[in-house]
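By convention here, the first residue in the shown sequence is residue 1.
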Amino acid sequence: MEIPAAVAAKIVELTVEPIVRQVGYIFCYRNNLKKLEDLANELQATKERIDHKVEAERRNLRKIEDDVLKWQESVIKTLEDAKQLWKDPHDAKVWCFPNLKSQYQHGRKAKKMADTIVEMKGKGRFDEGVGYVPRLDITNNLPAIRGSDGLESRKSIKEDVLLSLKDPKVNKIGVYGIGGVGKTTLVQEVCKQVKHDKLFDEVLMVTISDTNLERIQDEIAEQLGLRLEERTSKSGRSNHLCERIKMEKTLIILDDLREKIDLDKLGIPSLDLWEKMNPEKVGVPLKDDYKGCKLLMTSRSEDILQKNDAQKNFPLQVLNDEESWSLFEAMVGDVKDDNLREIATQVAQRCAGLPVLIVTIAKSLKYNEDIDYWKDTLQNLKRVDSKDMKETIFSALEFNFSRLEDEVKKVFLLCGVHGTFIVVSDLLKYAIGLGIFKCINTIEHARNRLRKIIIDLKASCLLVDDARAGIIKMHDIVHEVAISMASKYAFTKINAKLQDWPGKDIPERCTHIILYHCCIQNLPKRLDCPHLTFLHINSSDNRSLEIPNSFFEGVGNLEALDLTGMTIASLPISLSSLTKLKTLCLDYCSLKDMTGIGALMNLEILSLIHSSVEEFPRDIKQLTKLRMLDLSRSGIGTTLPNILCKLTKIEELYMGNAAIKWDMESSSTQKRNASLAKLGDLIGLTTLEIQIREASLLPKDIAFEKLERYKVVIGDKWEWSDNKETSRLLKVKLDSSICWEQGIKTLIKRVEDLYLDKIIGISNVLFDLNGEGFPLLRHLHIQNNGEIQHIVDPIKRNQTHVLFPKLETMVLHNLNNLMKICHSSVRDNSFGKLKVVRVRNCDQLVYLFSISMVKAFSQHVEIEVSECSSMKMIIFVDSTNSGKIFDEKIEFLPLRSLTLQHLPTIDYFCPHEWTSSLETMENLSRVNISTPFFNAKVKFSNLETLKLSSVNVKKIWDESSASYLVHNLANLTVEDCSGLKYLFPSSMVGRLSNLKQLEISKCDLMEEIIATEEINGVADGEVLFPKLEAIIIKDMQNLKTIWHLILASNSLAFLKTLKVKNCEKIEKIFPEYMNGAFATLETLEVEDCKTVQQIFQLGDSADDKPQLKYITLLRLPQLKQVWSRDPQSGHCFKSLQVVRVEHCGHLEYLFPFTIAEHLPQLEAITIKNAGKMKEIVSKREEPLHNIVNFVFDELTSIVLWHLHDLQGFYAGNHSLSCSSLKELNVWKCEKLKLFKTQSMSSQGTHYDDNLSVSMQQSLFTLEEDKKKHIGRSYDGELNLEAKRRSNGGILLGFWNFSWLKLVPKISSSPYYLT
C-alpha cells in the first residue's frame, strides 16, 4: 500500500499542484498585486536607507563598493517595473467580463516580482558597510604641464630613466638639478608613463624634504591603502609597511632628498642586488614571493644621491634658449604681434632656463596684450638686483652653494668672476697661484683636486660641461649670482667699453680685478690696491695698451697675474717687486725683451701660450721654484737657450706646436741651443708636451720613465693634436726601426692614444710593441705600412694577457700587407670595450672579424670598411673554430652605425652557416640571386645608420634578416649597388617604423624602391614609414616610380624633404594616388630629370593644407605642369615661400590661378630659361568680370631671365601688389612690358575680360601721378633690367627695390628710378 500511496502523492505533486498554482494566478491576481505593492514600498524604504549611507560615504571621499552600486541599479529597475505593473491592470477586463488571459499574466508577473523583491531586500543588508577608503592613486592627480612634451632635453632624460627602470640590474635611480629646473615635473611624467605601460603593480610618490619618517610612512601607506594607526612602535610601522610593499612589484619615487635616508627605518625593502644575494646583511631573509621594488629619487645635489646608493644618476640642466621659448610660448599662447614677440623672446631668455620661472612669468602675461606691461616685465627681469628675482634665483642655488667646502666655493667664485666659461688649464694656473688648494705638493695633485672640485660643482648644478673640450661653463643666471656673491671683494668687467681705468668703482678692499675685452685705453701710472691678489687684463682688442713702469708698485700682495694679448717691449721695472707672485700668464703677447723675469724668485707657473718671444731670457734659470713652463704654440725668435736643465723643480713642460730649434744630439760643437737629450736631466718632470718634426733629433736613450702625462708627436707627417680626452698621446713616424728606440717603447707601454705611420720592422703590432697587450690603450691609429701582417698574433707566443682591454677606437688605413686583424682566438674580455672600427685600403684583408673576436664585443657602436679590394665577408669562422656548428645568433647589440663601401668582391656580411673556414672560402659557390647580403645569423637590434656604397649585392635582406636588422634603422644610404632591382621587399617595409632618412643613388638596375611582388598570392600589407623625414634619390637610370601603390593613411606623416636628381624615367613626382604624401613636405627639389612632365598630379583627395615652403625645379626639359590643375581648396600651398624654376623649356605657366590667389608667405620667385612660358599664372577657365587682385605682401624678389614669350603675370584683367619688393631682376624678356599707366580716375573701373588687352600685358601698374618718378618720358617697348643696389634701399610702399634701370631698345641712355 505504501508504494501506490507514494506514487499517487507524486502524481498529485506533478499534476494537481501546478494546475492549482496556474489557476491561482487568475483568481488571486489582485491579492498578488497588493502584496507586490506592499513589498515594493518596503524595498523603497530599504533603498532610501542605503542611499543615505552611500551619500554619507561619498561625502567622506570613500569609494562605494561595486556590489552596492549594482544593487542600487537593480532596485531602481525592479521598482519601476513593479510600479508599472500594479498601476496598469486596466486590460484585465473586457467590457464587463473578466479578461482571464490578462489576469493570468498580471497575477503571474506580480507573484514572481514579489519573490524577486524579497530576495533583493535580503541582499540589501550590507552589514560590513557600503563604502571603503580608496587607495590614493597619485597618477590621477598629477598635473600636466602643457608644452613640456616637446622639450627634447626632458624627453631624452625621461627615456633614459624609463630604460633604467626596465633594467633588472638597476634598482636605485637618481635625477638631480638646481631648484626649479623641473625635477618633480620630470618624475611625475615618468610616473604617468610607468602607470600607462604597466611596468609596476604599484607606483608611489612622496616628498622627502623634511625627513619626517612617520609622515612619509603615512603617505606611502595611504597610497597603498594600508592603515598604520594600530602600529604604535616605529619598528612595527616599518615592518608592516615593508611587508605590504613586498606583496607587489612597486616603484617608489622619493622627491627632493636633502640627506641620506634610512630605508630600513622607513620600511622600504632592501633593493641592492648584493643584499639580495646576501640577505644576512639586512637581517631579514627575503621571501621567495618578493615581487621587487625600485627607487626613483630626486635631489638638488648628486652627492646626496650617491650617499643614498643611487646606481644611475641623470643631471637635469636648465633649458636652452630654444626650449625656453617653446615652453614659454606653450604657456602664454601664440604671440602674433611682431613687436610683442620680440619682447617675449627676451623675457623667455631672461628666465634663466628655469621652468618654474618660465611658467610663472608666462602665466602672469598670458591674457595681457599691453606691450608696456611686457616691457616692464622685461626690465624687472633684467635687474638682477631686483628683490623678487634675486630671491628666486638664490633660493634655487643657495642650498647647493651652502653645502660646498671652502675650496670648492673659492673655485666656483673664481670661475664666476671670469664669465660664463673658463678654460680648465687656466683655472688650474690661477688656483695654484692663489693658494686655493691646501696640503697639495705637486701640480698633478692640484689637477686631481681641481678635477674633483669640478665634478662636485657639476653635481651641484653650478657648472655644466661645454661642447668644447677642456672648457667648463655656467649658466648666465648662475654667473650673475656668482658675481653678486663675489662683488664685495672682486671687480669684474667683461666685454665692457671702458675708456679709463675704473678706479672709483673698485671696492676698497678689492682682492680680484678682472678686465676682459674692455677696450681700455690707458692704465694708471701706479695701481694702489694693497689687498689685490689676482689681476687679469685681457687686452686682445687693444694690443697697443702700455704698462707704465711703476704700475705694480702698489700691489705687493699680488699672487696671480694674467696679461693677455699685449705688446710688451720690455717688462715693467715694478714687476720685479712682486715677490709673492706665483703665477704669471703672458699668453697671446708679443714680447721683445723679457729681461728681469728672473727677479720673480717665487714664481711657480709661467705661461707664454701662443706668444712670440724675440729673445728668450737667460735669467729664467734663476726661477728655481718654477714648476710649470707653458710654451704651447709659441714662437722663439732666435733660439731656445740650453738652460732648461737648470729648472730642476719643473714638473710640467708644454712645448706642443711651438717653433723651437733644437740642437743635434751628435753635434760636436758647443751646444748653445736647447738639446732634447737634456730633458732627461729634469728629474721631477711628470708632464711633457712636445712636437719634434725631425725624428733624427730624438735621442735613442732619452728617459721618459717618470712621465705621468704626455703628448709627444714625432715626425713630419703628423699635425699637432689638441685632443684633451686622453692624458697620454703618442704620434710616431720614424725612419729607423721603432724597436731600437728605447724612449719611444717606454712611452708605448702606458700610452692611451697611439698613432703610427710608416714604422719599420713591425709585422705583429701587439707583440712587437707591447707584449703585455696594451692594457691602457684607448685609441689606435695605424697607417701607411707595408710590413704589418697582423694586429694580434697570439700563436707566436704564449698568450697570458687580456688583449686591448680598454681599446675604444681602432683605425687601420693603407696597410697593404695586413692579412688579419686577429690571427687565432683571444682570451675573454679582449677588445671588450671596442666601440669604433674603421678600415680603409687594406687590400689583403679577406675578412674583418673572426667569430671568436665578435663574441668579445660588448660595446661596438660603429663599423666602417672601405676600399678593401679582397674583402669577402665581414665576419667569418676562423681556423680554430673550423668544422664547428654554431646555432646561436651573433648579436651586435650596441652597434649604431655600419658603413661598407667600395668592396668589389664582398659576397655576404657573414656566412649563412657557421661551418665555413678560411681555407674553404675560395670554394664558395657564386652568390645566388635569391641569397641576401644580410642573413638571420647576425642580429642588429639597435642599428640606426646603414650605408652600402659600391657593394656588388643583388639582394640586401629578406623576411628573416629584416626582423633582426631594420627595427631601429633611422638612416639608410644605398649607392652604386648595380645589382639591386629593388631596395625593400614589400613584406618588410612595415618594420621600418623608425626610418628617418633614405638616400638612394646610382643603382642602375633598380626599377622600383619597394617591390610589388605578392607573397603567397596576396599582396603584402600597407607601407607606413611613419617617421620618414627626408628622401634623396639621385642618378637612377631605370627607376620609374618613387612610391608604392599601397599606402596607409598615416604614411609619410613626417616627410619634410624630397630631392630627386638625374632620374631618367620618372614622369610624375607625386601621382594622384600620392596626394596625401606631401601634407608635411617643406622642401622639394627636382633636377636633371629628362622625362618628368608633372610635379603634382592633383586629385579630388589632395590635401588642402600642405606645408610646402621651398620648390626648386632645374633642367626638366619635358616639364609641362608643376600642378596638374587648380586644387579644390583655395588655400592649398599657402605656406609656399620660395619658388625657383630654371631650364624648363615646355612649361607654359608656373601657378594655377587658385594657388596664385592664396600665397600670403611667398618671398621669392625665380624663373629662368622657360621659353614657352606666356604668363606666370594660368588663366581661370570661368570668365571673370571683376579685376583679379593678386597680393604678395611678403614678396621681396622677382627674377625673370630669358623668358622670350612671357607677356605678363596673368592674361586676364588683374592687379598685382608687392608691397615688400626689394629686388626686380628682368633680363631677355622681349615681350614683357614691365609697367602700364593707369589714371587716378580709372582706378575703380571694372573691365571685361575681352577688353583692355593692352592694359593686361604688363607686370605692374603705375598711377598717372607717379609716372614722373621714372625720370623723362619715352615711347616704344622696352627691354628691362632691374637690379638691387648692394647698399640696400629705403622701403616705401611699392618702391622697395633700391633702383631701377630702364634701357630702351634704340637709345643707349639709361633711365634711373631712385
Side-chain angles (χ1 to χ4, degrees), residues 996-1001 1009 1025 1027-1036 1039-1044 1047 1051-1099 1101-1127 1129 1131-1144 1146-1147 1149-1152 1154-1156 1158-1168 1170 1176 1197 1199:
K996 293 183 178 180
Q997 177 160 321
L998 173 63
E999 182 172 350
I1000 312 169
S1001 63
I1009 296 173
F1025 299 107
K1027 296 183 180 179
L1028 191 61
E1029 297 177 1
I1031 300 176
I1032 301 172
I1033 302 175
K1034 300 185 296 184
D1035 305 314
M1036 302 288 284
L1039 187 67
K1040 297 178 180 179
T1041 180
I1042 303 172
W1043 316 104
H1044 196 274
L1047 280 172
S1051 297
L1052 303 170
F1054 289 92
L1055 184 63
K1056 295 185 180 301
T1057 302
L1058 174 63
K1059 299 180 180 180
V1060 183
K1061 300 182 180 181
N1062 195 25
C1063 296
E1064 297 183 1
K1065 293 189 177 181
I1066 294 178
E1067 295 183 358
K1068 298 174 182 177
I1069 302 301
F1070 287 99
E1072 184 175 349
Y1073 63 83
M1074 287 300 299
N1075 279 185
F1078 52 77
T1080 59
L1081 190 69
E1082 295 182 358
T1083 300
L1084 173 63
E1085 297 179 10
V1086 185
E1087 303 177 19
D1088 299 296
C1089 296
K1090 297 179 180 179
T1091 58
V1092 168
Q1093 299 179 21
Q1094 284 182 348
I1095 305 300
F1096 300 100
Q1097 185 185 29
L1098 300 181
S1101 61
D1103 193 284
D1104 64 344
K1105 294 182 180 179
Q1107 304 300 311
L1108 188 63
K1109 296 179 180 179
Y1110 311 102
I1111 296 180
T1112 300
L1113 307 174
L1114 306 179
R1115 296 173 295 280
L1116 307 177
Q1118 298 302 317
L1119 181 65
K1120 297 179 180 179
Q1121 297 170 316
V1122 180
W1123 290 271
S1124 63
R1125 65 173 191 173
D1126 270 337
S1129 171
H1131 295 281
C1132 195
F1133 298 95
K1134 65 179 182 180
S1135 298
L1136 203 58
Q1137 296 178 15
V1138 178
V1139 179
R1140 180 187 173 198
V1141 178
E1142 297 183 16
H1143 296 279
C1144 298
H1146 279 74
L1147 193 64
Y1149 63 87
L1150 180 57
F1151 300 115
T1154 307
I1155 290 178
H1158 302 90
L1159 295 174
Q1161 299 182 43
L1162 187 64
E1163 298 176 3
I1165 299 175
T1166 298
I1167 309 174
K1168 297 182 179 181
I1176 295 174
S1197 172
V1199 178

NZ/K1168: more than 12 non-hydrogen atoms of other groups inside 6.0 Å: yes
T1091 side chain vs E1064 backbone, donor-acceptor pair below 3.5 Å: yes
Straight-line distance of L1028 CG to L1055 CG, nearest 0.5 Å: 5.5 Å
Euclidean distance, I1111 CD1 relative to I1095 CD1, rounded to 0.5 Å: 8.0 Å
Spacing of I1066 atom CD1 and T1041 atom OG1 [to the nearest 0.5 Å]: 7.0 Å
Heavy-atom side-chain contact between I1031 and F1025 under 4.5 Å: no
Which atom of E1142 lies closest to which atom of T1166, heavy atoms considered: OE2-CG2, 4.1 Å
Test item: I1176 and F1151 side chains (from C-beta on) under 4.5 Å apart, heavy atoms: yes
Salt-bridge present (K1059, E1087; N to O < 4.0 Å): no
Spacing of C1089 atom SG and L1113 atom CG [to the nearest 0.5 Å]: 10.0 Å
Aromatic ring pairing F1070/F1096, orientation class (parallel under 30°, perpendicular over 60°, tilted between): parallel
Show every donor-acceptor pair shorter than 3.5 Å between a side-chain atom in residues 1115-1124 and any protein atom, with sequence neighbours excluded, or say none if there are none.
residue	atom	partner	partner atom	Å
R1115	NE	D1088	OD1	2.6
R1115	NE	D1088	OD2	3.4
R1115	NH2	D1088	OD2	3.2
Q1121	OE1	Q1094	NE2	2.7
Q1121	NE2	S1124	O	3.3
S1124	OG	L1098	N	2.8

Over all atoms of both residues, closest heavy-atom pair of T1080 and A1053: CG2-O, 3.1 Å
Side-chain heavy atoms of M1074 within contact of I1042, under 4.5 Å: no
Residue pair I1165 / L1150, side-chain heavy-atom distance below 4.5 Å: yes
Spacing of E1085 atom CD and T1112 atom OG1 [to the nearest 0.5 Å]: 5.0 Å
Worked check of side-chain contact (heavy atoms from CB on, under 4.5 Å) between I1032 and Q997: CA-CA 8 Å; I1032 301 172; Q997 177 160 321; 4.2 Å; yes
Distance (rounded to the nearest 0.5 Å) between Q1107 CD and L1081 CG: 10.0 Å
Nearest heavy atoms of I1069 and L1084, plus distance in Å: CG2-CD1, 4.4 Å
Side chain W1043, main chain I1009, donor-acceptor under 3.5 Å: no
From CA spacing to verdict: salt bridge (Lys or Arg N to Asp or Glu O under 4.0 Å), K1056, E1029: CA-CA 5 Å; K1056 295 185 180 301; E1029 297 177 1; over 6 Å; no
Student check: side-chain heavy atoms of R1140 and L1114 closer than 4.5 Å: yes
